[in-house]
Amino acid sequence: MTRNIPEKPALKGLEAKWMERWEIERTYRFDRTKGRSEIFSIDTPPPTVSGSLHMGSVFGYVQTDAHARYRRMKGNEVFYPMGWDDNGLPTERRVQNYYGVRCDPTLPYGPGFTPPDEPSDPPISISRRNFIELCHGLTAEDEKVFEDLWRTLGLSVDWSQSYATIDPHSQRTSQKAFLHNLARGEAYSQEAPVLWDIDFKSAIAQAELEDRERPAAYYRVAFRRPDGSPLFIETTRPELIAACVALVAHPEDERYKALFGTTVTSPLFEVELPIMSHHLADPDKGSGIAMICTWGDTTDVTWWRELDLPTRALIQQTGRLHQEVPEWIDSESGREAYRQIAGLYANQAQKRMEELLTESADLDGQPRPITHPVKFYENGDRPLEIVSSRQWYIRNGGRDQELRSQFLKRGSELHWVPDFMQVRYEHWVNGLTGDWLISRQRFFGVAIPVWYPVGADGTVDYDHPILPDEASLPVDPTSATAPGYDEGQRGQPGGFVGDPDIMDTWATSSLTPQIAGHWDDDPELFSRVFPMDLRPQGPEIIRTWLFSTIVRSHYEHDALPWAHTTINGWVLDPDRKKMSKSRGNVITPHALIEEHGAEAVRYWSCNGRPGTDTAVDHGVMRIGRRLATKILNASRFALGFAEDIDASAISVPLDRSMLAALTGVVERATEAFDAFDYARALEIVERSFWTWTDDYLELVKGRAYEGDGSEGASAHAALQMALGVYLRLFAPFLPFVTEEVWSWWREGSVHRAGWPTVEELAPHSGDPAVLTETAAVLSAVRKAKSDAKVSMRAEVDSVSVSAGPEAIELVRQAEDDLKAAARAGEVLYSEGEFAVDAVLSAS
RNA sequence: GGGCGUUUAGCUCAGUUGGCUAGAGCACUGCCCUUACAAGGCAGGAGUCGGGGGUUCGAGUCCCUCAACGCCCA
């Protein structure tokens with residue numbers, strides 16, 4: 001091939017040029033005719049498109065891309081699709097804020113609705129269907145922005161394989177898997193206490209919780225024993241006294257042992273309550289005896305369940321106390337007391353209760369302020385309440401020790417990089433306290449695909465759901481008619497109702513291997529890519545995405561979803577602080593790419609060790625850019641002499657020595673990549689490359705320019721062979737610049753060229769020490785010139801080398817090149833400790 | 001309160017099973033327009049490896065302990 005080397009090679013424009021060419025030439029298109037053993041499949045994280053683009057994603061995705069590129073060059077057909085996680089609450093919130101709208105499912109569809117240009121305030125109420133249309137529209141725009149970023153970064157994704165978790169295929173996959181779970185008894189619905197966000201009006205799963213320290217106060221309240229004597233409890237939630245079902249103390253607590261089995265009556269409401277014992281009651285907390293309500297916190301739920309107590313739910317899904325006086329309050333004075341707090345929000349009821357208890361003299365002293373952890377939805381603003389509600393669950397081992405140990409075993413079968421991340425998985429699985437709650441009372445998501453029969457008396461029979469035919473998926477039971485019924489029977493006695501809920505986003509994204517691999521509609525493809533080889537992801541979603549994906553795969557395929565998982569580190573700001581909007585220290589990928597170029601951002605990403613938190617570092621990015629420039633310039637030199645020369649021309653010991661060193665580099669870089677350590681591979685290659693340009697290129701320069709016959713040909717052939725290897729070694733990290741240089745003198749894409757091997761270099765390799773010894777002498781001569789403050793081009797009369805006999809023999813083999821590079825008239829040798837003395841010519 | 005990780009040069013980080021005088025880049029200092037590269041090159045100075053204790057012929061590396069920082073969970 002004729003070489004086409006630019007006079008002044010530059011980085012400018014390379015990224016845009018190759019981004020486009022790769023798409024046109026389908027460089028990264030997946031070839032599905034390849035067999036399973038040839039395929040390397042990657043279950044790529046589908047980013048949440050309703051969130052903003054952040055450096056954490058860039059960091060992790062580039063690291064994965066480097067590995068994908070390595071595998072592709074190694075000869076694997078890489079299955080590398082990209083998905084978008086767009087269903088669920090984050091999108092709803094974004095649509096609400098972006099347009100100033102809110103969904104009111106009772107409104108009829110407005111066909112001509114267009115959202116306002118500016119967010120409306122107050123929000124406009126729109127129908128569910130209009131709301132969902134807006135969600136689809138906005139996510140489509142967001143996905144475009146994400147795709148542009150990934151392309152700019154040079155991710156070698158096959159864009160023809162993309163999916164979105166809200167698209168019909170994902171919905172079908174999600175509903176089908178759910179129906180399978182249901183048929184096997186792995187999914188079930190149950191009326192139970194759930195953590196409930198009163199603002200979002202939805203149940204919240206354990207994985208979405210976080211604790212926040214909040215101020216509160218202990219109220220010391222008197223309950224009355226049958227003889228009228230007071231028994232004091234301390235509570236932070238006096239508004240729940242009306243929901244009290246028992247008092248509880250530790251079984252070994254001498255103060256209360258005698259009272260177990262007796263009763264008390266509650267203040268104001270005069271409800272008779274048993275005193276019980278349970279080991280979770282903390283003798284050191286408050287007065288050592290606590291009231292159990294349904295339900296003030298998760299411990300209440302445990303006590304309620306384990307002590308088999310009645311349900312006296314007080315707080316409704318709106319966050320307000322029941323309007324009607326509960327039937328368990330018998331006395332007229334008790335009923336009157338309840339009317340004082342009926343219909344109030346919990347915090348209002350608390351204030352009123354303080355007044356009422358003070359009036360009745362049941363409050364002992366002043367409330368004692370404390371701060372304590374309170375459970376919040378991670379995206380919520382008000383504390384969660386616990387309400388009774390019917391929800392769907394998937395069994396995850398949280399209530400079943402045998403199942404839990406199966407999931408722990410799955411975790412240990414998975415190969416973790418870095419390995420210590422496995423501990424986080426184990427802690428999460430061991431800490432589960434209940435099954436996985438998958439239903440959400442929201443709108444933009446995958447519908448729970450069931451209907452329920454309505455009895456002649458109008459009651460809904462939740463225990464016998466009506467299921468759709470799989471061929472009809474995806475279905476929305478709120479608009480589709482239940483099989484065997486007419487739409488007119490919806491909500492009628494003897495008819496049916498559709499389940500109004502949707503699934504949590506993780507209930508769908510836990511199926512990304514099945515979605516991307518087309519489990520549902522392309523079993524042949526699925527058999528070639530599943531179980532996948534690699535799951536790369538961030539550390540914060542081990543408990544959600546990683547775990548739930550293992551759960552679904554375990555149930556559906558009795559297998560791990562992937563063989564390996566790589567967990568990337570966290571990205572910190574330049575001061576090693578976590579980036580967050582509230583701190584105002586967020587650095588966007590676009591700004592960095594604009595400033596340093598995509599290749600430099602890739603270089604920085606690949607410098608972050610697997611699983612290691614890494615600070616945004618402009619200095620490292622500048623080095624990446626400099627490296628890319630260096631590759632262009634060194635390539636121009638290495639290719640500047642002749643057309644392709646056969647490798648058999650490589651005969652000079654220095655050339656063979658350089659190739660021997662390169663053999664070791666190939667070996668070690670390959671080992672590092674096989675261990676998923678892209679950072680180590682980059683370090684090895686980069687170190688070697690700088691030595692190559694600093695030492696070998698300087699030593700060989702004279703012979704390359706002047707050398708005639710076989711010696712010159714050896715230099716030219718060695719240079720191009722080494723360059724061909726370096727370009728391929730750098731290709732996973734710096735895909736643009738390596739592709740550019742490759743195009744100067746080679747056909748096809750460097751990214752489809754074979755990964756360099758020891759075998760291709762070995763026949764042309766000699767003794768690596770020739771180069772290292774000669775380079776050491778050259779370096780000493782440079783130092784002499786530097787000390788003498790003369791140009792590196794200054795002439796040297798003679799160079800005296802003192803060294804061991806073996807080293808002298810090695811340097812002699814490269815003496816002509818050394819003389820040329822050092823501009824030395826002669827080289828003199830003597831045996832002894834290593835020392836170099838250069839006698840500079842008098843100028 | 002528990003778990004995991006980190007702590008090595010002024011800064012950002014390597015240092016793989018314990019083994020030559022602890023490395024790199026940035027920054028700093030000095031020199032050099034050299035036909036690949038001056039947005040470059042060459043050379044140089046700089047570290048009690050977080051503190052303390054222990055194992056060992058030998059510890060940045062293994063063990064114990066303390067501390068600081070980060071993350072996850074309670």
Side-chain angles (χ1 to χ4, degrees), chain A residues 5-12 56 206-207 209-213 298-299 372-373 375 418-428 430-433 538-544 567 569-578 596 603-604 607-609 611-641 668 671-672 675 677 679-680 682-684 686-687 690-695 697-698 700-702 704-706 719 723 741 778-794 821-823:
Chain A
I5 304 166
E7 199 50 44
K8 269 270 174 196
L11 297 175
K12 196 168 164 34
Q206 188 182 353
L209 299 182
E210 65 183 32
D211 282 3
R212 298 182 198 163
E213 284 293 329
T298 52
T299 312
H372 68 158
K375 293 205 184 309
D419 55 3
F420 63 75
M421 292 290 183
Q422 189 191 335
V423 178
R424 301 194 186 182
Y425 173 90
E426 286 173 356
H427 286 173
W428 174 251
N430 277 321
L432 289 168
T433 57
E540 76 284 9
I541 48 175
I542 290 172
R543 61 181 178 150
T544 48
I567 310 292
W570 203 259
V571 175
L572 308 169
D573 82 354
D575 298 324
R576 295 201 61 78
K577 293 274 178 277
K578 185 177 170 173
H596 300 284
Y603 175 85
W604 164 79
N607 255 287
R609 253 59 193 175
T612 301
D613 295 349
T614 304
V616 170
D617 189 333
H618 294 271
V620 171
M621 293 185 199
R622 279 192 283 270
I623 297 162
R625 193 171 176 82
R626 202 177 57 134
L627 173 62
T629 304
K630 190 78 173 177
I631 289 172
L632 287 178
N633 287 318
S635 299
R636 202 173 94 79
F637 169 74
L639 298 175
F641 300 102
R668 286 182 296 134
E671 266 175 31
D677 195 345
R680 188 168 173 72
L682 173 58
E683 186 190 16
I684 289 163
E686 189 186 1
R687 176 77 58 91
W690 284 106
T691 307
W692 189 65
T693 59
D694 290 352
D695 295 337
L697 256 49
E698 291 303 322
V700 83
K701 196 176 278 181
Y705 280 125
E706 317 278 332
L719 280 168
L723 183 68
V741 175
L778 178 61
S779 178
V781 174
R782 284 175 184 149
K783 179 166 164 51
K785 291 182 181 180
S786 186
D787 289 347
K789 305 194 175 189
V790 298
S791 160
M792 289 300 137
R793 212 168 46 159
R823 297 180 181 263

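Labels below follow one simple rule: chain letters A, B, ... track the order of the sequence lines, proteins then strands, and each chain is numbered from 1.
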Asks: Just the atom pairs and distances: protein N or O near nucleotides 15-21 of chain B's N or O, under 3.5 Å.
Replies:
from: U16(B); atom 1: N3; to: Arg680(A); atom 2: NH2; distance (Å): 2.3
from: U16(B); atom 1: O4; to: Arg680(A); atom 2: NH2; distance (Å): 2.8

Asks: Rounded to whole angstrom, note down the P distance from G52(B) over to A9(B).
Replies: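 One P to the other, the span is 16 Å.
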Asks: Classify Lys8(A) by what it touches in the nucleic acid, base, sugar-phosphate, or nothing, heavy-atom distance under 4.0 Å.
Replies: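 Lys8(A): backbone/sugar contact only, no base atoms under 4.0 Å.
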Asks: Please list, for nucleotides 5-9 of chain B, all pairs of protein and nucleotide N/O atoms separated by less than 3.5 Å.
Replies:
none

Asks: For C49(B) versus A43(B), give the span between their P atoms, rounded off to a whole number of Å.
Replies: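 About 28 Å, rounded to a whole number of Å.
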Asks: At 4.0 Å (heavy atoms only), tell me whether Lys789(A) reaches a base, stays on the sugar-phosphate, or touches nothing.
Replies: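 If one applies the 4.0 Å heavy-atom cut-off, Lys789(A) turns out to touch the sugar-phosphate alone, with no base involved.
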Asks: What pattern of brackets, bars and dots sums up RNA chain B from 5' to 3', given Watson-Crick or G-U wobble pairs under 3.5 Å, [ ] for crossing pairs and | for another strand?
Replies: (((((((..((((.....[...)))).(((((.......))))).....(((((..]....)))))))))))).
Asks: Could you check whether Lys701(A) gets within reach of a base, just the sugar-phosphate, or nothing at all, counting any heavy atom under 4.0 Å?
Replies: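 Base contact - Lys701(A) has a heavy atom under 4.0 Å of at least one base atom.
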Asks: Which protein N or O atoms sit under 3.5 Å from an N or O of nucleotides 42-47 of chain B?
Replies:
from: C42(B); atom 1: OP1; to: Asp694(A); atom 2: OD1; distance (Å): 2.5
from: C42(B); atom 1: OP1; to: Asp694(A); atom 2: OD2; distance (Å): 2.9
from: A43(B); atom 1: OP1; to: Ser779(A); atom 2: OG; distance (Å): 2.9

Asks: Considering only atom P, compute the distance from G1(B) to G19(B) and round it to an integer number of Å.
Replies: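 Result for the P pair: 38 Å, nearest Å.
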Asks: Restricting to side chain to side chain donor-acceptor pair (under 3.5 Å), what partner residues turn up for Arg212(A), sequence neighbours left out?
Replies: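 Arg212(A): side chain to side chain donor-acceptor pair (under 3.5 Å) contacts with Glu210(A).
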Asks: Would you classify Arg625(A) as touching base, sugar-phosphate or nothing, given that sugar-phosphate means primed atoms plus P, OP1 and OP2, and contacts are heavy atoms under 4.0 Å?
Replies: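 Counting heavy atoms under 4.0 Å across all strands, no contact is made by Arg625(A).
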Asks: With a non-hydrogen cut-off below 4.0 angstrom, is Glu686(A) in contact with a base, only sugar-phosphate, or nothing?
Replies: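 Result for Glu686(A) = nothing.
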Asks: Rounding to the closest angstrom, what is the interatomic distance between G45(B) and U29(B) at atom P?
Replies: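 One P to the other, the span is 16 Å.
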Asks: Could you list the residues that satisfy salt bridge (charged side-chain N to carboxylate O under 4.0 Å, His left out) with Lys701(A), not counting sequence neighbours?
Replies: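 Testing Lys701(A) for salt bridge (charged side-chain N to carboxylate O under 4.0 Å, His left out), a comparison that skips the adjacent residues, returns Glu698(A).
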